[in-house]
Amino acid sequence: MRKHSFTVITRSLALGGLLLAVPCLAQGPLAGAAGAPESSSTHDARMKWWREARFGMFVHWGLYSGLAGTWEGKPAGTSGGMEWIQNIVKADTDTYARAAVPKFRPKPGFAREWARLAKAAGCSYVVFTTKHHEGFALHNSRVGDFDAGSILQRDLVKEIVTALRAEGLRVGFYHSVIDWHHDQYDYSLSQQLPHPLHGKPSPNGVRDHSRYLKYLHAQAEELVTGYGRVDVLWWDYSAQDFQGDEAWRATELMNLVRKHQPAVIMNNRLFRTPEAGWKSMGTDGFVGTLDWRYGDFITPEQHIPDTGMPGVDWETCMTMNTTWGYSEHDRQWKTSDTLIRNLVDIASKGGNYLLNIGPQGDGSVPTESVAALHAVGDWMKGHRESIVGTMASPVPKPAWGRITARERKGVTTLFLHVFDWPANGQLTLAGVPNPIRKARLLGGGKVTADSRHGIITITGLAQAPNPVDSVIALTLDGPLVRQPGVDRP
Ligand code: FHN
């Protein structure tokens, strides 16, 4: 198989005696509609909104949400993914459904609450679970009977998509290829993928996995043909011993989706090979290469790669506490300061932040998540331009914080995100030879920037205007060249 590697090509333009470098990705043909080669320019156009967005909301919501991490009156756990509760308690699907369905009662207007919260937080897109590993589909499916249409007489996907679009948000479907309900999903084919019946014989005899794949592809087709434009398809997940075409007829599945949604952006999780960006079963085991066949972006989970992933598109997905699905026992909430700084750190490395909420069985969002997202949104209100539409810092990470950058028409803006305001009120930045046009503090306030021997000093403020992250916009003549030998942001 042709290994598709990325090389970064810098187009050098001489301007004002400075080498201007505009990093771009030199890519071979990429997957377009139905697998046809996609040119780099078409690929960049397709990825444009996603690369500019920088910030999305993840939503894990299903039958597990009503169980809230509790099984037979006791906590199934106080940390970790409670969307896995069926596998934690090793319940067969009928036992699980009997316990969970009565507790899953979406209230009217739940989806509007989600959409308004995502908008208030400054998110540009929302990726929500259309089906998680438990196998319960949130749409009204014609090919199954374990779905919201069959059991609740509602099409929850339609309700959510309608609410998201009313707020101008892009729509993403998370869809689990793992399925703990379907009686032909052959869990014996992988020793690494989880299943509540692992190690036990199938209660319905030998399973024909190809029949499950027919169902998987049919439901995927329902989702990409029945709800208008789908902006993101977030597949989840494969194992080293069971992945790709063997496990899911993956290439066919991606081509099916692209046939109906040619602009869709898909992650790399139908596969699990170095070419698809993975080097282990862990979600921190990544390599910074992504062959076009395996998806559009790499998906580091619950962590931020130290130096980002130069040359490929990547998105860190993260919980606010320790579970993706709702748990009434998990109190380990990250502070809003941490969430804001995570967003800045990720953007400074050129990635996206997909921050998760786990609504309860009626769709209500935990109050801690609501408060945190509003705090992030309050910060975003005054600092949005330093995140949305920016790219990775072209200069090394400074001791006092992070840097995001924008380059337009030969003018660079560096957004200096100051986490730790220097005691003497003087901010210095080395490695920036470009002439300064101006310096302004986002949100108001006067600062002065002087440049001497390539070192910029910013003065004028005795203390940090914003204790979490104060941002100075530094406008410079010409784009910045990545300093030779400089470690990545
Ligand atoms: O097993 C799932 C898990 O429940 C959750 O959905 C995460 C989100 O990225 N994905 C899988 C674990 O990597």
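Numbers here are sequence positions counted from 1. All ligand and atom numbering here is 1-based and tracks the order in the structure.
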Beyond-backbone contact of Phe297 with Trp234, side-chain heavy atoms, under 4.5 angstrom: yes

Parallel, tilted or perpendicular: ring planes of His139 versus Tyr227, cut at 30 and 60 degrees: perpendicular

Gly81 to ligand 1, any heavy atom closer than 4.0 Å: no

Under-4.0 Å heavy-atom contact with ligand 1, by part of Arg269 that carries it: side chain

Tyr215 and Tyr212 aromatic ring geometry - parallel, tilted or perpendicular at 30°/60° bounds: tilted

Heavy-atom nearest neighbour in the protein, as seen from atom 11 (C) of ligand 1, with distance rounded to 0.1 Å: Asp236 OD2, 2.9 Å

Tyr174-Phe128 aromatic ring centre distance below 6.0 Å: no

Per-residue contact class, Trp235 against ligand 1 - non-hydrogen pairs under 4.0 Å: neither

Atoms of ligand 1, numbered as shown, that sit under 4.0 Å from any heavy atom of Cys317: 9 (O)

Thr319 and Asn356: side chain donor to acceptor below 3.5 Å: no

Ligand 1 atoms in contact with Tyr174 (distance to a heavy atom under 4.0 Å): 6 (O)

Heavy-atom side-chain proximity of Arg51 to Asp44 below 4.5 angstrom: yes

Test of proximity, His132 against ligand 1: N or O pairs below 3.5 Å: yes

Nearest-contact summary for atom 5 (C) of ligand 1 - protein heavy atom, Å: His60 NE2, 3.5 Å

N or O pair under 3.5 Å between Tyr237 and ligand 1: no

Sidechain N-carboxylate O distance under 4.0 Å for Arg269, Glu301: yes

Check: His132 side chain, Glu134 main-chain N or O, donor-acceptor pair, under 3.5 Å: no

Residue and atom name of the nearest protein heavy atom (relative to atom 3 (C) of ligand 1), distance in Å to one decimal: Glu83 OE2, 3.5 Å

For atom 9 (O) of ligand 1, closest protein heavy-atom neighbour: Glu301 OE1, 3.0 Å

Ligand 1 atoms in contact with His133 (distance to a heavy atom under 4.0 Å): 1 (O), 2 (C)

Trp234 neighbourhood, listing ligand 1 atoms whose heavy-atom distance to it stays under 4.0 Å: 9 (O)

Side-chain H-bond candidate by donor/acceptor type, Ser124 with Trp49, under 3.5 Å: no

